[in-house]
**Q** 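Have a look at this one before I ask anything.
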Amino acid sequence: MTFNPVAAINVLECRNLISNNKAEAIDLGSQTASINSTFVSNLINQNKSIKKLQKKNLEILSKREKFNTKDYFMSIGFKDYKSIDINGAYESFQFDLNKNILKIYNFNKKYDLVINNGTGEHVFNQYALFLNFHNLTKVNGIMLNILPFIDWINHGFYNFNPIFFADLAASNNYEILKISLANRDGSELKLDSNNFSILFEQIKPHRNDSKFNKMIEIAKDKIGKNILLVVVSRKLSEESFKIPLQGKYLTDIKNFETDYNSQNKGSANAENQIADNDKRK
């Protein structure tokens with residue numbers, strides 16, 4: 001996996017959402033840094049959210065010929081940075097993310113920021129992956145996903161749709177703070193939180209009035225063909241991880257006792273997300 005500009009920019013944003021002065025972060029996947037001193041210098045000059053101490057530390061970092069991903073995390077104010085990877089690279093915890101790492105490896109530490117940057121698409125067992133993600137995050141901790149969305153052909157096992165994160169949040173009491181379409185160089189197309197539902201709209205091939213489809217066309221024009229999905233969420237409770245049901249099917253099961261009865265609507269209210277029972281009427 002590669003720690004690229006879009007990851008560096010979003011990690012900085014996430015760090016500044018965390019009040020803990022001794023915040024710790026962990027990456028799902030060992031990350032080879034592809035940022036350099038030129039990127040760091042530009043970040044200092046262009047990012048208005050950088051704090052004084054962060055600026056000072058990043059200026060020191062920018063003068064180094066080489067640095068790694070951990071160096072960047074420490075420069076922006078993390079007390080410690082770790083990663084998990086089956087390959088054990090960069091002193092990562094050598095765990096298999098296809099497995100429940102709490103049960104298999106007895107790993108129960110929790111972090112202020114947990115990052116899934118270009119790793120999740122390569123893990124076959126998505127249940128185990130997001131269970132681990134949940135269990136690794138402190139209450140009020142931040143969860144950052146940067147994953148393939150459009151045109152990442154055969155890059156990994158999966159590409160991800162925005163509704164995945166809408167319904168994951170709805171079932172697990174996460175607050176979605178940000179969703180954007182991005183490229184790896186750091187360009188992003190963002191929506192205000194009041195308009196997140198546009199991102200959960202189902203695009204129908206026989207209709208041309210889709211707001212989300214228009215947004216995707218703008219993204220392809222502005223940021224390129226291979227589009228990433230960036231999602232930042234906050235974990236609000238210590239409840240056990242729950243598997244979500246796709247939001248539009250919640251009304252189909254409202255008269256039955258299921259594991260999904262406490263799930264919020266998530267993507268259900270978005271355009272063209274119509275329950276099967278409503279289609280049958």
Side-chain angles (χ1 to χ4, degrees), residues 1-3 7 10-11 14 24-32 69 81-149 152 154-176 179 228-247 249 258-260 262-264 266-267:
M1 275 60 75
T2 302
F3 189 73
N10 277 278
V11 165
C14 290
E24 296 177 279
I26 192 164
D27 246 313
L28 304 183
S30 58
Q31 301 283 328
T32 301
T69 304
Y81 165 80
K82 301 291 187 185
S83 62
I84 296 172
D85 203 308
I86 196 170
N87 63 25
Y90 304 121
E91 301 181 338
S92 59
F93 296 112
Q94 197 165 6
F95 303 154
D96 183 355
L97 289 167
N98 279 301
K99 303 181 187 300
N100 180 339
I101 63 172
L102 175 61
K103 287 187 176 181
I104 302 300
Y105 305 104
N106 196 32
F107 191 79
N108 59 7
K109 185 171 174 59
K110 295 182 184 294
Y111 293 82
D112 302 276
L113 173 63
V114 185
I115 310 108
N116 177 20
N117 171 36
T119 297
E121 69 268 29
H122 305 292
V123 178
F124 186 83
N125 189 341
Q126 292 292 293
Y127 169 73
L129 177 78
F130 285 96
L131 170 69
N132 291 327
F133 202 172
H134 180 92
N135 289 342
L136 285 164
T137 309
K138 291 180 178 178
V139 174
N140 293 318
I142 301 297
M143 313 167 90
L144 170 61
N145 287 279
I146 305 174
L147 296 167
F149 173 39
W152 290 83
N154 285 337
H155 171 74
F157 289 133
Y158 309 102
N159 289 13
F160 292 82
N161 287 306
I163 64 165
F164 180 93
F165 296 98
D167 295 325
L168 185 68
S171 61
N172 286 287
N173 198 17
Y174 304 157
E175 177 189 7
I176 298 178
I179 310 181
L228 296 163
L229 187 65
V230 179
V231 184
V232 179
S233 305
R234 190 189 302 275
K235 179 182 174 182
L236 299 179
S237 74
E238 194 56 89
E239 295 177 10
S240 297
F241 180 73
K242 296 182 180 66
I243 299 171
L245 183 71
Q246 188 174 337
Y249 297 118
T258 72
D259 292 338
Y260 311 107
S262 62
Q263 180 177 324
N264 293 324
S267 67

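Model, not experiment: these values are computed from the prediction.
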**Q** Please confirm whether the backbone N or O of G120 pairs with a side-chain atom of Q126, one donor and one acceptor, at under 3.5 Å?
**A**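 Between the backbone of G120 and the side chain of Q126 there is a qualifying donor-acceptor contact (under 3.5 Å).
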**Q** Short question: side chain of N161, backbone of I163 - any donor-acceptor pair under 3.5 Å?
**A**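 Judged by distance alone, no pair lies under 3.5 Å.
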**Q** Should the heavy atoms of other residues, nucleotides or ligands under 6.0 Å from NZ of K110 be counted, would the total exceed 12?
**A**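 Atom NZ in K110 is packed in, count exceeds 12.
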**Q** Is the F130 ring parallel, tilted or perpendicular to the F160 ring (thresholds 30°, 60°)?
**A**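 Correct class here is perpendicular.
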**Q** Taking the side chain as everything from C-beta on, heavy atoms only, tell me whether P148 gets closer than 4.5 Å to N159.
**A**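 Contact flag for P148/N159 side chains = yes.
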**Q** Given side chains that start at C-beta, do those of I104 and F95 come closer than 4.5 Å, heavy atoms only?
**A**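 No, every pair of side-chain atoms sits at 4.5 Å or beyond.
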**Q** For F124, is there any backbone N or O sitting under 3.5 Å from a side-chain donor or acceptor partner on Y158?
**A**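 Judged by distance alone, yes, a pair lies under 3.5 Å.
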**Q** Report the residue from N117, T69, T2 that forms a side-chain hydrogen bond (donor to acceptor under 3.5 Å, both in side chains) with Q31.
**A**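 Of the listed residues N117, T69, T2, the side-chain hydrogen bond (donor to acceptor under 3.5 Å, both in side chains) partner of Q31 is N117.
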**Q** Report the residues that fulfil ring-ring contact (aromatic ring centres under 6.0 Å, His included) with H122, sequence neighbours left out, ordered by chain and then residue number.
**A**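 With sequence neighbours excluded, H122 shows a ring-ring contact (aromatic ring centres under 6.0 Å, His included) to H155, given in chain and number order.
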**Q** Measure from the side-chain N and O atoms of N172 to the backbone N and O of Y174, and report whether any donor-acceptor pair falls under 3.5 Å.
**A**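 Checking the backbone N and O of Y174 against the side chain of N172, no donor-acceptor pair under 3.5 Å is found.
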**Q** Would you say Q94's side chain and I86's backbone share a donor-acceptor pair under 3.5 angstrom?
**A**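 Indeed, once roles are kept as given, a pair shorter than 3.5 Å links the two residues.
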**Q** Examine the side chains of D27 and S83 and answer whether a donor and an acceptor come within less than 3.5 Å of each other.
**A**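 Looking only at side-chain atoms, S83 and D27 do not form any donor-acceptor pair under 3.5 Å.
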**Q** Under the 3.5 angstrom rule, does the side chain of N264 hit a backbone N or O of G266 as a donor-acceptor pair?
**A**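 Pair absent, no side-chain N/O of N264 close to backbone of G266.
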**Q** Strictly distance-based, threshold 3.5 Å: is any side-chain N or O of D167 a donor or acceptor partner for the main-chain N or O of Q246?
**A**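 Such a contact is absent between D167 side chain and Q246 backbone.
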**Q** Using a 3.5 Å distance criterion without hydrogens, assess whether the side chain of N173 forms a donor-acceptor pair with backbone atoms of K235.
**A**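 Answer holds: no.
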**Q** Does the structure place the NZ or CZ of K109 under 6.0 Å from the centre of the six-membered ring of Y111, at an angle of no more than 45° from the ring's axis?
**A**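 Output yes; distance and angle both within limits.
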